[in-house]
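Each remark here refers to the structure printed beneath this line.
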Amino acid sequence: MSSFDKLPSELLADIKRNREGRLSSRQRIELVTEPLATLLLLSVPLILIAGRYGPAGRAFVLALVAGFVLTIVMRALRFARVKLCYRVLFAERLHARWMFWRKATLTDRSGEPVRFDHRLSRKLKIKPDQSLHVYYVEAAGRRIMLNMTPRDHPQAELAEPSDSFTYAGGVQYGD
C-alpha cells in the first residue's frame, strides 16, 4: 500500500468526470476564470486612480469591466470546444515542492518530455520513475494538466478512461 491511501474527494469527482471525456464543473470554472485574479490585481490601482476623474474615470472603469466580461466569454467559448486528453506519463525528474514557478515536466514511454504550462490539481506526492494517469487539455498552444494519479495507487483503476471517453471527444494516447 502506498503512503497515500485515499485520493482527495475533489480529485475523485474530477476523475469520474474526466474518464467520461468531459470536464468537471470545478475544472471548467477554473479554466475560464484563470487570468481574472491577475487582471483584477493589476487593475485595482487603475480603478482607484480613474475614480478621481469623474465621468471619464467611470467610463474607463466601465470599459475595464467590459474587458473582463469579454475575457470570460472568450475563454468560455474556447474551453467549451477543447478536447480532453489522456496519457500515461512518467515522473522522471522531480522539482522540489517549493519551486512552484517551474513548469511540470513528465515524460512519455519513449522518453520525450511533455511539459505542462499550468496545472489545476493540487500536487500529489510522487516518486521518481513513477507511472501516472494524466488528464489534460491543449488550448492556444498550452498544455494544462487537469489531474494526475499514480498508476500504483489502490484507487488507480478509477482513473482509467471509460469506453465512452473517445466517443465523447477525448483523445487517448497509446500506452
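Start at 1 with the first residue, then count along the sequence.
Note on Tyr53: it does not cluster hydrophobically with Ile47, by side-chain heavy-atom contacts below 4.5 Å among ILVMFWY residues. Under the 4.5 Å side-chain heavy-atom criterion for ILVMFWY residues, a single connected hydrophobic cluster contains both Tyr173 and Leu132. Tracing side-chain contacts under 4.5 Å through hydrophobic residues (I, L, V, M, F, W, Y), one never reaches Val65 starting from Leu48; they form parts of separate clusters. Linking Ile, Leu, Val, Met, Phe, Trp and Tyr whenever their side-chain heavy atoms come within less than 4.5 Å leaves Leu31 and Ile72 in two separate clusters. Cluster membership for Ile29 and Leu146, using ILVMFWY side-chain heavy atoms within less than 4.5 angstrom, is not shared.
Residues Gln27 and Asn147 are in side-chain contact: their nearest non-hydrogen atoms beyond the backbone lie under 4.5 Å apart. For the pair Leu46/Phe60, a side-chain contact is recorded, criterion being any heavy-atom separation below 4.5 Å from C-beta on. Residues Phe116 and Val134 are in side-chain contact: their nearest non-hydrogen atoms beyond the backbone lie under 4.5 Å apart. Counting heavy atoms from C-beta outward, Arg19 and Tyr135 have side chains that approach closer than 4.5 Å. For the pair Lys83/Glu138, no side-chain contact is recorded, criterion being any heavy-atom separation below 4.5 Å from C-beta on. Residues Cys85 and Arg143 form no side-chain contact, since every pair of their non-hydrogen atoms from C-beta on lies 4.5 Å or further apart. Looking at Thr38 and Leu41, their side chains never come closer than 4.5 Å, going by heavy atoms from C-beta outward. Inter-residue side-chain proximity for Tyr86 and Val88 is flagged as met; some heavy-atom pair is nearer than 4.5 Å.
Here Leu84 contributes atom CG and Glu20 contributes atom CD; the two are 11.0 Å apart, rounded to the nearest 0.5 Å. From Glu160, atom CD reaches atom CD1 of Ile15 across 11.0 Å, with rounding to the nearest 0.5 Å. Rounding to the nearest 0.5 Å places CZ of Phe90 at 6.5 Å from CZ of Arg151. Rounding to the nearest 0.5 Å places CG of Asn18 at 9.0 Å from CG of Leu11. We find the CG-OG distance between Leu12 and Ser24 to be 12.0 Å, quoted to the nearest 0.5 Å.
Taking Arg26 as the reference, Asp14, Glu30 meet the side-chain hydrogen bond (donor to acceptor under 3.5 Å, both in side chains) condition, with sequence neighbours excluded.
The side chain to side chain contact (heavy atoms under 4.5 Å, CB included) with Met145 is formed by just one residue from the set Val114, Val137, Leu106, Asp117; it is Leu106.
Ion pairing of Arg87 with Glu112 is absent here, as no side-chain N (NZ or NE/NH1/NH2) approaches a carboxylate O to less than 4.0 Å.
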